S.K.: 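One structure follows; several queries about it will come next.
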There are 2 protein chains.
Amino acid sequence: MATNSFEDHDHSKCVNDVMTAVEAHCAIHKLQFTPIRRRVLEILLQDHRALGAYDILDILRSEGHSAQPPVAYRALDFLVKNGFAHKIERLNAFVACSHPGEEHTPAFMICRSCESITEAHREPEQGQLGEAARNAGFRIERTVVEAEGLCPKCQD
Amino acid sequence: MATNSFEDHDHSKCVNDVMTAVEAHCAIHKLQFTPIRRRVLEILLQDHRALGAYDILDILRSEGHSAQPPVAYRALDFLVKNGFAHKIERLNAFVACSHPGEEHTPAFMICRSCESITEAHREPEQGQLGEAARNAGFRIERTVVEAEGLCPKCQD
DNA sequence: GTGAGGATGTCATAACATATCAAGAAATGA
DNA sequence: TCATTTCTTGATATGTTATGACATCCTCAC
């Protein structure tokens with residue numbers, strides 16, 4: 001398996017692995033993985049890119065669903081709350097999680113050229129931010145860590 | 001001087017220092033520090049809090065300015081572009097910079113209770129994000145690093 | 001004083017997100 | 001099985017954040 005989504009990889013496996021993991025997680029935790037929620041996650045998984053809620057709505061509409069804004073936002077809330085997707089604050093957009101269901105503190109690398117996104121993992125208490133927080137007496141509950149730049153392929 | 005804005009400090013000195021530094025920077029770089037831009041920065045400096053563009057607009061209006069949205073966004077663009085203010089992506093809001101004009105890579109700690117914000121500084125190439133970027137072959141150009149949690153005072 | 005570029009005034013609208021309430025479906029327990 | 005509760009969805013409306021476009025005006029260099 002590719003260590004990050006900038007590398008060439010078998011994307012259908014990538015999608016299947018995530019869907020399988022999410023299904024299992026929902027079964028265990030008695031979460032309702034309804035058709036809309038499933039479809040929105042599938043849409044996010046199509047690419048390692050972030051999609052806005054209205055991009056998702058457009059796709060849902062083209063498939064015949066009703067698709068007023070709350071439809072997308074509710075599905076996204078469900079996916080984000082349960083760790084199946086993340087919001088990219090810099091872009092006001094959403095991306096499928098690479099490690100669904102597991103507790104983790106993600107960091108993102110966003111290519112400004114091809115818009116691909118790869119997810120890395122951090123330890124919130126370590127590193128420069130953790131140190132700054134300790135110095136300030138600040139108790140971290142959530143972090144947003146996003147880097148913008150150029151992915152390997154777009155540096156040429 | 002306080003090492004971070006969570007501590008008690010002489011805030012009028014805080015404001016004066018920043019305004020003086022910004023004035024100097026604008027003089028040197030031939031930037032037009034116009035009344036609107038100055039006023040918006042003063043508004044941001046009133047507290048170590050982030051304000052939305054429309055919060056700023058409300059204040060400008062209450063002072064008799066015209067104040068259509070572009071008025072605030074243009075002033076904020078100027079302040080951000082020149083390093084006098086930062087956008088807090090998590091909040092879609094803006095905060096005055098503690099170290100105006102200097103090249104730096106900020107990280108923010110946002111108190112979810114009192115909404116105060118303090119700015120720390122990072123080295124983008126170091127730490128966990130820098131390491132993840134090197135591993136992925138990603139070239140970082142900008143970073144968004146924001147922690148949400150509780151400041152020392154609000155932990156009681 | 002004229003021209004070029006930057007700054008502002010103003011209107012309009014795009015893009016992102018949520019409140020509310022009604023109706024329907026699924027899980028729960030008697 | 002039926003009633004109850006809870007979660008999910010449908011639908012309308014609205015709130016919030018941000019930008020496009022164009023006219024006007026100011027400033028500075030020449």
Side-chain angles (χ1 to χ4, degrees), chain A residues 22-23 25-41 43-44 49-61 63-82 84-95 110 115 144 146, chain B residues 22 25-41 43-44 49-82 84-95 110 115 144 146:
Chain A
V22 169
E23 279 162 9
H25 184 97
C26 287
I28 292 169
H29 293 85
K30 302 208 189 287
L31 300 171
Q32 299 185 44
F33 196 37
T34 62
I36 292 182
R37 293 167 175 179
R38 167 183 292 270
R39 186 65 195 121
V40 170
L41 180 57
I43 290 168
L44 289 179
R49 284 182 48 225
L51 292 178
Y54 283 73
D55 296 329
I56 292 168
L57 277 175
D58 288 343
I59 295 173
L60 290 176
R61 281 192 194 112
E63 295 172 350
H65 291 73
S66 75
Q68 295 302 304
V71 171
Y73 282 102
R74 284 169 187 154
L76 289 166
D77 281 350
F78 171 86
L79 296 174
V80 169
K81 189 168 66 182
N82 293 294
F84 307 147
H86 299 290
K87 180 169 186 183
I88 305 296
E89 298 290 347
R90 183 71 179 79
L91 304 177
N92 293 320
F94 300 84
V95 71
I110 308 164
E115 301 187 275
V144 173
E146 299 167 0
Chain B
V22 169
H25 185 96
C26 287
I28 292 168
H29 293 84
K30 303 210 188 287
L31 300 170
Q32 299 186 46
F33 195 39
T34 62
I36 293 182
R37 292 167 176 179
R38 167 182 293 270
R39 185 67 195 120
V40 170
L41 180 57
I43 290 168
L44 288 180
R49 284 183 49 226
L51 291 178
Y54 284 75
D55 296 328
I56 293 168
L57 277 174
D58 287 344
I59 295 173
L60 291 176
R61 283 194 191 110
S62 74
E63 294 171 351
H65 292 72
S66 74
Q68 296 300 305
V71 171
Y73 281 102
R74 284 169 187 154
L76 290 166
D77 282 350
F78 171 86
L79 296 173
V80 169
K81 189 168 66 183
N82 294 293
F84 306 148
H86 298 290
K87 180 169 187 184
I88 305 297
E89 297 290 346
R90 183 71 180 78
L91 304 176
N92 293 319
F94 300 84
V95 71
I110 308 163
E115 301 187 275
V144 174
E146 299 168 1

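Every chain is numbered from 1 and lettered A, B, ... according to where its sequence line falls, protein lines coming before strand lines. This is a predicted model, so every value here is computed, not measured.
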S.K.: At what distance, to the nearest 0.5 angstrom, does CD1 of A:Ile56 lie from CD1 of A:Ile36?
M.R.: 12.0 Å
S.K.: Rounded to the Å, how far apart are B:Arg38 CZ and C:dT8 C1'?
M.R.: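 Going from CZ in B:Arg38 over to C1' in C:dT8 covers 18 Å.
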S.K.: Kindly calculate the angle separating the two end axes of the helix from C:dG1-D:dC30 to C:dA30-D:dT1, each obtained from five base pairs, and round it to 10 degrees.
M.R.: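 The two end axes of the helix from C:dG1-D:dC30 to C:dA30-D:dT1 meet at 30°.
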S.K.: From CG of B:Leu76 over to P of C:dT8, roughly how many Å is that when rounded to an integer?
M.R.: 12 Å
S.K.: Who are the side-chain contact (heavy atoms from CB on, under 4.5 Å) partners of A:Arg38, not counting sequence neighbours?
M.R.: A:Met19, A:Glu23, A:Phe33, A:Glu42
S.K.: Who passes side-chain hydrogen bond (donor to acceptor under 3.5 Å, both in side chains) against A:Glu115, sequence neighbours left out?
M.R.: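 Partners of A:Glu115 by the side-chain hydrogen bond (donor to acceptor under 3.5 Å, both in side chains) criterion come out as none, since no residue qualifies.
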S.K.: Applying side-chain contact (heavy atoms from CB on, under 4.5 Å) to A:Val40 and A:Val71, what does each step give before you reach the verdict?
M.R.: CA-CA 10 Å; A:Val40 170; A:Val71 171; over 6 Å; no
S.K.: Between B:Ile56 (CD1) and D:dT16 (C1'), how many Å, whole number?
M.R.: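 To the nearest whole Å, that distance equals 14 Å.
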S.K.: As a test of reading the structure: which of D:dT17, D:dG10, C:dT28 is closest to the side chain of A:Ile36, going by heavy atoms?
M.R.: D:dG10
S.K.: Roughly how many Å is it from CG in B:Leu57 to C1' in C:dG9, rounded to a whole number?
M.R.: 13 Å
S.K.: Please name all residues satisfying salt bridge (charged side-chain N to carboxylate O under 4.0 Å, His left out) with B:Asp55, sequence neighbours left out, ordered by chain then number.
M.R.: none
S.K.: So, using side-chain hydrogen bond (donor to acceptor under 3.5 Å, both in side chains) as the criterion, who are the partners of A:Arg90 when residues are at least two apart?
M.R.: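 Only A:Glu148 meet the side-chain hydrogen bond (donor to acceptor under 3.5 Å, both in side chains) criterion with A:Arg90.
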S.K.: What is the separation between atom CG on B:Leu60 and atom P on C:dT10, rounded to the nearest whole Å?
M.R.: 13 Å
S.K.: Name all residues meeting the side-chain contact (heavy atoms from CB on, under 4.5 Å) criterion together with A:Asn92; count only those two or more places apart in sequence or in a different chain, and write none if there are none.
M.R.: A:Lys87, B:Asn92
S.K.: Who passes side-chain hydrogen bond (donor to acceptor under 3.5 Å, both in side chains) against A:Glu63, sequence neighbours left out?
M.R.: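 Only A:Arg39 meet the side-chain hydrogen bond (donor to acceptor under 3.5 Å, both in side chains) criterion with A:Glu63.
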S.K.: Listed by chain and number, what are the salt bridge (charged side-chain N to carboxylate O under 4.0 Å, His left out) partners of A:Asp58, not counting sequence neighbours?
M.R.: A:Arg61
S.K.: Quickly work out the B:Lys87 NZ to D:dT17 C1' distance and round it to whole Å.
M.R.: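 Atom NZ in B:Lys87 sits about 8 Å away from atom C1' in D:dT17.
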S.K.: Measure the CZ-CG distance between B:Phe78 and B:Leu31 for me, rounded to the nearest 0.5 Å.
M.R.: 5.0 Å
S.K.: Round to the nearest Å and state the distance from B:Asp58 atom CG to D:dG15 atom C1'.
M.R.: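 In whole Å, D:dG15 C1' lies 13 Å from B:Asp58 CG.
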S.K.: In whole Å, what is the span from the CD atom of B:Glu89 to the P atom of C:dC16?
M.R.: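 Spelled out: CD on B:Glu89 to P on C:dC16 is 13 Å.
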S.K.: To the nearest 0.5 Å, how far apart are NE2 in B:His25 and CZ in B:Phe84?
M.R.: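 Taking NE2 in B:His25 and CZ in B:Phe84, the distance rounds to 4.5 Å.
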S.K.: Using a cut-off of under 3.5 Å, enumerate the N/O to N/O pairs linking the protein to nucleotides 4-7 of chain C.
M.R.:
{"from": "C:dG6", "atom 1": "O3'", "to": "B:Gln32", "atom 2": "NE2", "distance (Å)": "3.3"}
{"from": "C:dA7", "atom 1": "OP1", "to": "B:Arg37", "atom 2": "NH1", "distance (Å)": "3.2"}
{"from": "C:dA7", "atom 1": "O5'", "to": "B:Arg37", "atom 2": "NH2", "distance (Å)": "3.4"}

S.K.: Using a cut-off of under 3.5 Å, enumerate the N/O to N/O pairs linking the protein to nucleotides 19-23 of chain D.
M.R.:
{"from": "D:dA21", "atom 1": "N6", "to": "B:Arg74", "atom 2": "NH2", "distance (Å)": "3.1"}

S.K.: Could you say whether B:Asn92 or B:Lys30 is positioned toward the 5' end of DNA chain D, judged by the nucleotide with the nearest heavy atom to each?
M.R.: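 Result: B:Asn92.
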